[in-house]
Number of protein chains: 2
Amino acid sequence: MDNSISMAVIKRLPKYHRYLKELLDRDVKRISSKELSEIIGFTASQIRQDLNNFGGFGQQGYGYNVEDLYKEIGKILGLTKTYKTVIIGAGNLGQALANYTSFGSYGFELVGIFDKNPKIVGLEINGIEVTDVDLMKKFLENNDVDIAYICTNKTGAQFVADILVQAKVKAIWNFAPVDLKVSEDIRVENVHLIDDLLTLSYFLKEQGE
Amino acid sequence: MDNSISMAVIKRLPKYHRYLKELLDRDVKRISSKELSEIIGFTASQIRQDLNNFGGFGQQGYGYNVEDLYKEIGKILGLTKTYKTVIIGAGNLGQALANYTSFGSYGFELVGIFDKNPKIVGLEINGIEVTDVDLMKKFLENNDVDIAYICTNKTGAQFVADILVQAKVKAIWNFAPVDLKVSEDIRVENVHLIDDLLTLSYFLKEQGE
DNA sequence: ACGATATTGCCAAATATTTAACAAAAATGT
DNA sequence: ACATTTTTGTTAAATATTTGGCAATATCGT
Ligand SMILES: NC(=O)c1ccc[n+]([C@@H]2O[C@H](COP(=O)([O-])OP(=O)(O)OC[C@H]3O[C@@H](n4cnc5c(N)ncnc54)[C@H](O)[C@@H]3O)[C@@H](O)[C@H]2O)c1
Ligand SMILES: NC(=O)c1ccc[n+]([C@@H]2O[C@H](COP(=O)([O-])OP(=O)(O)OC[C@H]3O[C@@H](n4cnc5c(N)ncnc54)[C@H](O)[C@@H]3O)[C@@H](O)[C@H]2O)c1
């Protein structure tokens with residue numbers, strides 16, 4: 001498949017998926033790029049351009065079939081299979097993610113939770129027992145884990161990432177405020193929450209002037 | 001001040017801030033755009049270009065003074081004052097954010113937590129008692145809140161946002177998987193976590209082909 | 001003190017992304 | 001059945017962003 005889809009396009013795909021789901025739930029059968037433009041906030045031209053990176057899903061004079069398009073974008077996003085995930089660091093954030101059920105409905109299946117704190121190891125969170133992180137390597141060898149969510153504190157993150165790399169986990173979702181060094185073939189998405197707050201304070205400061 | 005700074009630049013500022021803090025902690029006194037380039041992963045040209053949007057902070061033949069630059073970027077990001085924040089929705093995620101202390105160290109001061117669930121109202125989280133959301137409007141009138149973190153479920157988010165708009169809160173940090181409709185003068189940052197996962201699954205699917 | 005070296009700030013070129021325009025095709029209305 | 005309207009897919013133009021190049025200026029070593 002064409003590998004030259006720009007990041008800008010890829011980052012918009014989940015939003016298409018979300019809005020199409022909503023239309024589907026409201027029983028809307030078809031939608032034109034112009035109508036979609038009005039609710040999603042991208043230009044009609046951009047929508048058509050984006051979709052055409054992956055194929056001609058629409059029809060002149062008609063628009064797009066909502067259900068078909070929703071399914072197509074699901075396929076593009078890789079939602080036709082399930083992904084095994086683990087959480088490392090079962091503190092505040094790790095537990096919040098573990099208890100969140102929506103990820104499962106997209107096919108992201110939580111199969112393990114790890115921590116190094118003896119007080120946390122052994123706890124059951126959302127039906128899964130927290131395992132000592134020392135046993136993680138072995139666990140990863142026996143289970144084909146796709147995505148690891150790193151929710152340890154800053155200092156533990158790179159240490160954990162190294163184990164994940166060794167164990168050939170395919171992707172990392174990192175919540176620790178560091179940029180991890182990992183091998184090229186591992187995909188990393190960072191959630192640097194503080195960055196968002198700083199963006200807000202940037203604009204609040206601007207307003208005051 | 002020049003208002004035409006591009007979003008691309010603004011979104012990089014927190015990363016500069018983070019790396020400069022690290023250099024400062026390691027007692028590095030000065031750094032050239034070339035050296036910074038190597039650790040931060042932007043091109044040296046981009047770094048110089050970015051910084052020059054805000055002023056000439058460097059010196060030919062020398063580079064940038066780490067401490068000065070760190071402070072300048074802090075100023076640009078509005079970190080010279082503190083911001084009052086509230087959390088609405090004290091479930092899994094709301095509690096995780098409430099217990100996170102780092103935001104405070106940047107000057108984001110949590111002054112209130114609200115929920116509508118009677119079982120949660122009255123709980124004390126990180127020294128702050130959860131208040132009934134029905135009392136939030138009054139609270140906001142008496143307290144000059146800058147930023148509200150929306151951690152309610154999807155259905156409550158717009159309802160809550162409407163109250164925040166009325167109360168003239170300046171910015172919203174939204175974790176619910178919806179795009180809020182708010183007046184133009186309110187800044188919204190969305191954290192659509194599922195979008196990140198879908199980006200990962202997009203690439204995992206690509207790999208398999 | 002001074003030539004060699006380093007490095008910025010800025011401008012210009014190269015890339016990337018978004019928007020506009022429109023012919024071709026399908027749907028709709030009479 | 002056929003003219004009118006709608007709307008796509010695609011190409012081209014317009015914008016935005018990133019990268020490269022270099023004169024100006026400061027530092028460094030001797
Ligand atoms: N909680 C938030 O709202 C929030 C916001 C922004 C960023 N973060 C980041 O997310 C991460 C988690 O935050 P938190 O609030 O949940 O912290 P936390 O302290 O509550 O939890 C961290 C957990 O990681 C575990 N841990 C540490 N090192 C480990 C290791 N090497 N292996 C396994 N487990 C290890 C600890 O035992 C602890 O249980 C941190 O890096 C934090 O900076 C959190
Ligand atoms: N927990 C996660 O990891 C996670 C991940 C991605 C997205 N999110 C999103 O973040 C939000 C919170 O998630 P959560 O897991 O904490 O959910 P949760 O159900 O644990 O908590 C939601 C809280 O909001 C409160 N609430 C609902 N409507 C309200 C209203 N109108 N006013 C005041 N309070 C109200 C509820 O009483 C509850 O305590 C949700 O929108 C969720 O989709 C959460």
Side-chain angles (χ1 to χ4, degrees), chain A residues 1-16 19-20 23 28-73 76 195 199 202-203, chain B residues 1-16 19-20 23 28-73 76 195 199 202-203:
Chain A
M1 177 172 269
D2 190 351
N3 202 44
S4 67
I5 308 291
S6 85
M7 204 51 165
V9 173
I10 294 166
K11 286 289 180 182
R12 278 192 295 270
L13 293 174
K15 190 160 173 179
Y16 288 119
Y19 274 85
L20 286 165
L23 289 167
V28 178
K29 298 293 182 215
R30 68 180 218 187
I31 192 148
S32 69
S33 58
K34 184 159 174 291
E35 292 169 302
L36 187 54
S37 167
E38 276 151 21
I39 58 173
I40 207 173
F42 306 148
T43 65
S45 186
Q46 180 162 71
I47 291 168
R48 295 202 298 279
Q49 188 102 325
D50 281 352
L51 298 177
N52 273 92
N53 280 295
F54 304 99
F57 304 129
Q59 198 161 32
Q60 279 109 325
Y62 176 85
Y64 300 85
N65 177 293
V66 172
E67 188 173 356
D68 290 352
L69 189 56
Y70 173 73
K71 282 183 184 161
E72 286 295 342
I73 292 181
I76 294 163
D195 289 13
T199 304
Y202 171 87
F203 284 109
Chain B
M1 180 173 263
D2 191 350
N3 204 42
S4 66
I5 308 293
S6 85
M7 204 53 164
V9 173
I10 294 166
K11 285 289 179 181
R12 278 193 294 271
L13 293 175
K15 191 160 173 180
Y16 288 119
Y19 275 85
L20 286 165
L23 289 168
V28 178
K29 297 295 181 212
R30 68 179 219 187
I31 192 151
S32 69
S33 58
K34 184 158 176 289
E35 291 169 302
L36 187 54
S37 168
E38 277 151 20
I39 58 172
I40 207 173
F42 305 148
T43 64
S45 185
Q46 179 162 73
I47 292 168
R48 294 203 298 278
Q49 188 101 330
D50 282 353
L51 297 177
N52 274 94
N53 280 293
F54 303 99
F57 303 130
Q59 198 161 33
Q60 280 109 325
Y62 176 85
Y64 300 85
N65 177 295
V66 172
E67 188 173 358
D68 290 352
L69 189 56
Y70 172 73
K71 283 183 184 162
E72 286 295 342
I73 292 181
I76 294 163
D195 289 13
T199 304
Y202 171 87
F203 284 110

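Each chain gets a letter, A, B and so on, in the order the sequences are listed, and its residues count up from 1.
We find that CD of B:Gln46 is positioned 20 Å from P of C:dA12, with the value rounded to whole Å. Taking atom CD of B:Gln59 as the reference point, atom P of C:dT8 lies 10 Å away to the nearest angstrom. If you measure from atom CG of B:Asn52 to atom P of D:dT19, you get 16 Å, rounded to the nearest angstrom. In this structure, B:Leu36 places its CG atom 14 Å from C1' of C:dT8, rounding to the nearest Å. B:Asn65 places its CG atom 15 Å from the P atom of C:dT7, with the value rounded to the nearest Å. Counting to the nearest Å, the C1' atom of C:dA26 and the OH atom of A:Tyr62 are 12 Å from each other. Rounded to an integer number of Å, the gap from CD of A:Glu35 to C1' of D:dT5 is 14 Å. Atom CZ of B:Arg48 is separated from atom C1' of D:dT25 by 14 Å (rounded to the nearest Å).
For C:dT8, one of the phosphate oxygens OP1 or OP2 lies less than 4.0 angstrom from a side-chain nitrogen or oxygen of B:Ser33. For D:dT18, the OP1/OP2 oxygens have a side-chain nitrogen or oxygen of B:Arg12 closer than 4.0 Å. Residue A:Tyr64 places none of its side-chain N or O atoms closer than 4.0 Å to OP1 or OP2 of C:dA26. For A:Thr43, a side-chain nitrogen or oxygen approaches OP1 or OP2 of C:dT19 to under 4.0 Å. Between A:Ser6 and C:dT17, a side-chain N or O to OP1/OP2 separation shorter than 4.0 Å is present.
The nucleotide whose nearest atom lies closest to any side-chain atom of B:Gln49 is, among D:dT8, C:dA12, D:dA12, C:dA12. Nearest to the side-chain atoms of B:Ser45 among the listed nucleotides D:dT18, C:dT8, D:dT19 stands D:dT19. Taking the side chain of A:Ala8 as heavy atoms from C-beta on, and the options D:dT8, C:dT19, C:dT17, the nearest nucleotide is C:dT17. Taking only side-chain atoms of B:Gln60, from C-beta outward, the nucleotide of D:dA24, D:dT18, C:dA21 with the closest atom is D:dA24. Of the candidates C:dT19, C:dT28, D:dT19, C:dT28 carries the atom nearest the A:Arg30 side chain, counting heavy atoms from C-beta on.
Atom CZ of residue A:Arg48 and atom OG of residue A:Ser32 lie 9.0 Å apart, to the nearest 0.5 angstrom.
Ranked by how close their nearest DNA chain D nucleotide is to the 5' end, A:Ser32 and B:Val9 are led by A:Ser32.
Residue B:Phe42 is classed as having no contact, given no heavy-atom separation below 4.0 Å to the nucleic acid.
In this structure the side chain of A:Tyr70 never reaches within 4.5 angstrom of the side chain of A:Leu23, judged on heavy atoms.
With a 6.0 Å radius and a threshold of 12 heavy atoms from other residues, nucleotides or ligands, B:Lys34 has its NZ atom at or below the threshold. The number of heavy-atom neighbours closer than 6.0 Å to NZ of A:Lys15, taken from other residues, nucleotides and ligands shown, is above 12.
A:Asn53 places a side-chain N or O within donor-acceptor distance of the main-chain N or O of A:Asp50, the cut-off being under 3.5 Å.
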